[in-house]
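I have placed the structure first, in the form of C-alpha cells, so that the comments after it can refer back to it.
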Amino acid sequence: MPKQMQIPATQEDRNFIADVQSALIRNGLTKDDLAVYLHMTTRTLYHRLRNPGDFKLNELRVIKKKLKMELQI
C-alpha cells in the first residue's frame, strides 16, 4: 500500500501551512530557500509542514522574519 501524506489535525494547523505557502509565493521564495534559512534539510522542512506542532520556537521566529508574516500562536 502506498504511503499517504498525513493531513494536519486541526484547522489552525491547516491555516498555518496555507499562510506559510502563500507567504513563500508572495516573497518569491521556495521551500528549499526556507529550509536553507532554517538551517535544515528540505526533508525535515516537509516533515515539519506535515506536523506543524514539531516546529521549534526559534524556527517559527525565522519563518516570521524571512517571510514577513504575522504569526499568531
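What's counted below: heavy atoms across the whole structure, side chains too, no hydrogens, waters or symmetry copies.
- Put simply, CZ on R48 and CG on L60 are 9.5 Å apart, with the number rounded to the nearest 0.5 Å.
- Going from atom CZ of F55 over to atom NE2 of H47 covers 9.5 Å, rounded to the nearest 0.5 Å.
- Distance check: T41 OG1 to Y46 OH gives 11.0 Å after rounding to the nearest 0.5 Å.
- Grouping the Ile, Leu, Val, Met, Phe, Trp and Tyr side chains by contacts below 4.5 angstrom, directly or via other members, places M40 with L29.
- There is no path of hydrophobic side-chain contacts, each under 4.5 Å, that joins I63 to V36.
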Would you mind writing out the side-chain donor-acceptor pairs for residues 17-28 within the sub-3.5 Å range, not counting sequence neighbours?
from : atom 1 : to  : atom 2 : distance (Å)
S22  : OG     : A18 : O      : 3.2
S22  : OG     : D19 : O      : 3.0
N27  : ND2    : A23 : O      : 2.8
N27  : ND2    : L67 : O      : 3.0

Worked verdict on H39 versus V62 for side chain to side chain contact (heavy atoms under 4.5 Å, CB included): CA-CA 10 Å; H39 302 285; V62 170; over 6 Å; no
